[in-house]
There are 2 protein chains.
Amino acid sequence: MTAATPKGERRRQALVEAAAGLLVDGGFDAVRHRAVAERAGLPLASTTYYFDSLDDLVTAALEFHGRAELEYGKARLAELDPEECGGEAFIDLVLDLLLGPPAGDRDAEAVLLRYERLVATGRRPYLRPLMRKLSGELHGLLLDIFTHAGQPVGQERVEELIALVDGAVVNALIEISPDPRAAARRMLAKAMGLR
Amino acid sequence: MTAATPKGERRRQALVEAAAGLLVDGGFDAVRHRAVAERAGLPLASTTYYFDSLDDLVTAALEFHGRAELEYGKARLAELDPEECGGEAFIDLVLDLLLGPPAGDRDAEAVLLRYERLVATGRRPYLRPLMRKLSGELHGLLLDIFTHAGQPVGQERVEELIALVDGAVVNALIEISPDPRAAARRMLAKAMGLR
DNA sequence: AGTAATCTGGCACAACCGTACCAAATTACT
DNA sequence: AGTAATTTGGTACGGTTGTGCCAGATTACT
């Protein structure tokens with residue numbers, strides 16, 4: 001169900017943002033009708049009024065979050081300085097696009113969410129189209145960035161580097177004190193011939 | 001709680017195997033007290049009698065499944081013929097160790113579970129020690145296998161190849177008709193200089 | 001044989017969950 | 001202004017969850 005009135009649209013959006021926040025803080029399982037309503041300061045029934053099902057709500061939250069991240073990536077591309085694109089800084093940029101901006105001491109948690117999204121897609125086929133779209137746009141963005149940085153690469157190479165990062169992250173998650181970003185950085189630096 | 005009587009030990013084991021089966025069929029969320037009891041043909045309360053909590057039960061199931069897979073890997077190593085270890089067959093062997101033996105039309109589902117386990121570790125710190133142990137043994141097994149195959153590699157290279165496979169799998173899960181094993185095979189073949 | 005430890009299994013509880021319902025309030029439209 | 005569409009929010013229902021409880025059956029031990 002979509003909203004038909006301005007105020008209704010605002011309410012709907014508040015629910016989406018609340019759901020996205022819960023998604024970030026606690027993963028998919030944290031996105032429940034009651035939790036979303038409470039976080040948005042709205043009654044429980046508003047969630048079922050604006051969204052046909054919980055899956056609908058989850059989908060909207062994921063799309064909101066994904067779009068925001070893509071916007072972040074595009075902004076980073078726009079302010080890219082081709083001069084300083086050879087070294088560590090460039091690797092950090094790629095990592096920021098793939099793992100999101102560093103989140104300090106909550107970084108492992110933030111990174112985890114991203115991979116929960118990926119894996120959860122396996123059990124939630126209804127998320128696949130959206131995930132495919134977001135993932136495709138991210139790949140394109142990375143291609144652009146490599147090109148802008150004077151290191152043009154092919155589609156295959158990008159997919160290889162992404163796989164390397166993703167694999168490093170996933171394997172880092174089982175460490176006692178996981179630092180997936182550092183693990184990914186190590187892999188990426190080696191693969192790109194640095195150090 | 002551990003069993004103190006032979007029959008009790010058998011019952012406990014039946015619960016573990018039932019839980020492991022549910023884990024394979026439906027992922028972590030499918031492992032519930034009632035489901036496990038029903039699958040084992042035992043009353044609900046037996047699950048709380050032999051396991052202090054659901055987490056305990058899940059841990060035992062994961063350990064059982066992990067051990068079985070490691071045994072499978074060791075068997076494959078034992079029957080390894082160093083003569084035919086250069087080509088496609090060797091790649092399939094490595095994939096079998098990392099993704100489990102091919103499961104036909106249920107392969108994507110089976111592979112998915114393995115990565116749910118990895119990612120779920122992030123949200124379930126109590127699984128980390130076990131996962132680390134299993135993962136470590138798997139790494140060691142792979143090192144042995146590369147050595148036996150006349151392609152000795154270092155720890156770093158193994159970790160790189162594993163990351164490549166894991167990343168390929170994770171990214172394949174969002175396809176409309178996911179075939180993570182094929183995607184991983186492609187990556188691995190390229191990285192090992194085949195084709 | 002008899003006492004103690006272990007095990008069994010039926011049941012109940014409180015806390016969630018997704019979602020349906022519906023009368024009242026608000027807003028849009030003619 | 002008045003009718004219709006939309007939105008609101010309180011409530012309730014049926015289901016599932018983890019887990020506690022406990023009288024009785026079974027098993028181990030002296």
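Lettering of chains follows the sequences in order, A, B, ..., and the numbering in each one begins at 1.
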State whether A:Glu116 and A:Arg123 are salt-bridged, where the test is any N-O pair (Lys NZ or Arg NE/NH1/NH2 against Asp/Glu carboxylate O) under 4.0 Å.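 No salt bridge links A:Glu116 with A:Arg123.
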Could you tell me whether B:Arg39 and B:Asp25 have a side-chain N and a carboxylate O separated by less than 4.0 Å?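 Counted as a salt bridge, because a side-chain N and a carboxylate O are separated by less than 4.0 Å.
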What does [X] touch in the nucleic acid at a heavy-atom separation under 4.0 angstrom: a base, only the sugar-phosphate, or nothing?
| X | result |
| --- | --- |
| A:Arg34 | base |
| B:Ser53 | sugar-phosphate |
| A:Thr5 | sugar-phosphate |

Value in whole Å for how far the [atom2] atom of [N] lies from [atom1] of [X]:
| X | N | atom1 | atom2 | value |
| --- | --- | --- | --- | --- |
| B:Leu15 | C:dC7 | CG | P | 12 Å |
| B:Glu38 | C:dG10 | CD | C1' | 15 Å |
| A:Asp55 | C:dG18 | CG | P | 10 Å |
| A:Leu44 | C:dC16 | CG | P | 14 Å |
| B:Phe51 | C:dC7 | CZ | P | 12 Å |

Would you say [N] has OP1 or OP2 under 4.0 Å from some side-chain N or O of [X]?
| X | N | answer |
| --- | --- | --- |
| B:Tyr50 | C:dT8 | yes |
| B:Arg12 | C:dT6 | no |
| A:His33 | C:dT19 | yes |

With A:Arg67, which residues qualify under side chain to side chain donor-acceptor pair (under 3.5 Å), at least two apart?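 A:Glu137.
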Of the non-hydrogen atoms in A:Ile91 and A:Leu188, which two are nearest, and what is the gap between them?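 What the structure gives for the nearest pair is CG2-CD2, 4.0 Å.
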Ring-face cation of A:Arg124 near A:Phe28 (centre distance under 6.0 Å, axis angle within 45°):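 Relative to the ring axis of A:Phe28, which defines the angle, A:Arg124 lies inside both limits.
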Which sits closer to the 5' end of DNA chain D, A:Leu42 or B:Ala35, going by the nucleotide each is nearest to?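 Taking each residue's closest nucleotide, the earlier one in sequence belongs to A:Leu42.
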Interface limits on DNA chain D, where chain B has a heavy atom under 4.0 Å of a nucleotide atom: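 The contact span of chain B on DNA chain D goes from D:dT17 to D:dA28.
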What nucleotide, of C:dT19, C:dT8, C:dG9, holds the atom closest to the side chain of B:Lys7?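 Of C:dT19, C:dT8, C:dG9, C:dT8 is nearest to the side chain of B:Lys7.
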B:Arg181/B:Asp96 under salt bridge (Lys or Arg N to Asp or Glu O under 4.0 Å): CA gap, chis, key distance, verdict: CA-CA 9 Å; B:Arg181 191 179 300 263; B:Asp96 287 1; 3.4 Å; yes
Is there a side-chain contact between A:Leu118 and B:Leu173, using heavy atoms and a 4.5 Å cut-off?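 The answer is no, as the side chains (C-beta and beyond) never meet within the 4.5 Å cut-off.
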